[in-house]
Amino acid sequence: MVDSSEDSTLAILTFWVGPFLLGVEADQISQLTRPYGQRLSTHISEVATDLKVMDLRAACGLARETDEEQRQLLVVDRAGERVGYRVDQVGELVTIDLAMYIWPLPPLLEIQKRWRQLWGVCQWENELVLLVDLQYQPQNEPKEGYISNEWT
């Protein structure tokens, strides 16, 4: 999560998971894979053999995507471990003014927050973007078990 006192803008990489538009601080992403049909494609086996993968469609309560080859993978370094997050489509890299366009979670979302990784919302091109911290790791859970239950 960003400290708004230090920066006036924030680079956000947007991505889609089903109907949800999400955003992550761009500097959290260490690698981005693309579908086979696109230029510069990287197959998951080329990324790393020890990469843990989290499917964000399941985390959002959505059915599995039938065309898995078109999905993309956001790779994040979390506490020295590489974790991949499967997303439906990567959007754009945008620069957001912190003071004008990034807000904390509304109280209703904070109360009903299913994802501990959600930290705020922003507006981009008349869309509401849910901001997530993909490097978040619970402090009170063992390192081995955080992948399976982190989004519930």
Side-chain angles (χ1 to χ4, degrees), residues 1-4 6-48 51-79 81-110 112-138 146-152:
M1 188 164 41
V2 68
D3 177 8
S4 60
E6 294 179 10
D7 301 313
S8 60
T9 62
L10 184 63
I12 299 285
L13 179 65
T14 62
F15 58 95
W16 291 92
V17 177
F20 305 113
L21 181 58
L22 303 170
V24 63
E25 290 179 58
D27 63 358
Q28 286 190 6
I29 306 301
S30 63
Q31 187 171 359
L32 169 65
T33 65
R34 301 168 191 248
Y36 290 120
Q38 293 182 5
R39 206 166 55 94
L40 299 174
S41 68
T42 304
H43 189 273
I44 188 170
S45 66
E46 296 172 15
V47 177
L51 181 69
K52 293 183 180 184
V53 177
M54 177 72 180
D55 187 345
L56 292 185
R57 286 189 70 84
C60 292
L62 301 171
R64 284 189 80 87
E65 178 64 43
T66 56
D67 191 4
E68 285 292 319
E69 289 185 0
Q70 292 303 311
R71 301 198 58 217
Q72 294 174 279
L73 191 68
L74 303 177
V75 180
V76 174
D77 179 32
R78 258 181 31 178
E81 251 183 321
R82 290 169 50 90
V83 179
Y85 292 91
R86 284 200 183 279
V87 302
D88 293 341
Q89 180 181 0
V90 172
E92 296 185 38
L93 180 63
V94 297
T95 302
I96 305 292
D97 183 310
L98 289 171
M100 297 294 293
Y101 297 104
I102 295 184
W103 307 283
L105 287 177
L108 182 60
L109 280 179
E110 187 65 43
Q112 296 182 350
K113 189 161 95 169
R114 280 188 43 176
W115 301 343
R116 289 173 276 182
Q117 290 79 358
L118 286 176
W119 64 268
V121 294
C122 72
Q123 181 180 351
W124 174 71
E125 290 191 356
N126 297 321
E127 293 275 353
L128 186 64
V129 181
L130 296 172
L131 300 172
V132 295
D133 179 1
L134 295 181
Q135 291 179 327
Y136 173 84
Q137 180 175 345
Y146 70 88
I147 290 294
S148 62
N149 62 12
E150 71 183 25
W151 289 82
T152 57

Provide the closest heavy-atom pair for [X] versus [Y] in the form atom of the first, atom of the second, distance.
X: Val132; Y: Gln28; result: O-OE1, 4.5 Å
X: Leu10; Y: Glu25; result: CD1-OE1, 3.7 Å
X: Val121; Y: Pro104; result: CG2-O, 4.1 Å
X: Leu62; Y: Gly18; result: CD1-CA, 3.6 Å
X: Asp133; Y: Trp119; result: N-CD1, 3.7 Å
X: Leu131; Y: Cys122; result: CD2-SG, 3.9 Å

Taking the side chain as every heavy atom from C-beta outward, state whether [X] and [Y] have any atom pair closer than 4.5 Å.
X: Phe20; Y: Val87; result: no
X: Val83; Y: Leu134; result: no
X: Glu125; Y: Val94; result: no

Under the side-chain contact (heavy atoms from CB on, under 4.5 Å) test, residues paired with Asp97 that sit two or more places apart: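 Scan of Asp97 (side-chain contact (heavy atoms from CB on, under 4.5 Å), adjacent residues dropped) gives Ala99, Met100, Tyr101.
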
What residues, two or more places apart in sequence or in another chain, satisfy side-chain contact (heavy atoms from CB on, under 4.5 Å) together with Thr95?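 With sequence neighbours excluded, Thr95 shows a side-chain contact (heavy atoms from CB on, under 4.5 Å) to Thr9, given in chain and number order.
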
When rounded to the nearest 0.5 angstrom, what distance separates [atom1] in [X] from [atom2] in [Y]?
X: Ile29; Y: Tyr85; atom1: CD1; atom2: OH; result: 9.0 Å
X: Trp124; Y: Leu21; atom1: CH2; atom2: CG; result: 7.0 Å
X: Gln72; Y: Arg86; atom1: CD; atom2: CZ; result: 11.0 Å
X: Gln123; Y: Ile96; atom1: CD; atom2: CD1; result: 9.0 Å

With no hydrogens and no angle check, is any side-chain donor or acceptor of Thr14 less than 3.5 Å from a backbone partner on Gly23?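 Between the backbone of Gly23 and the side chain of Thr14 there is no qualifying donor-acceptor contact (under 3.5 Å).
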
Applying the side-chain contact (heavy atoms from CB on, under 4.5 Å) test to Leu22, which of Val17, Leu13, Leu74 qualifies?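 Looking at Val17, Leu13, Leu74, the match for Leu22 under the side-chain contact (heavy atoms from CB on, under 4.5 Å) is Val17.
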
Test Val76 against every option in Gln135, Glu81, Arg82 by the side-chain contact (heavy atoms from CB on, under 4.5 Å) rule and name the one that passes.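 So, applying the side-chain contact (heavy atoms from CB on, under 4.5 Å) to Val76 and each of Gln135, Glu81, Arg82, only Gln135 qualifies.
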
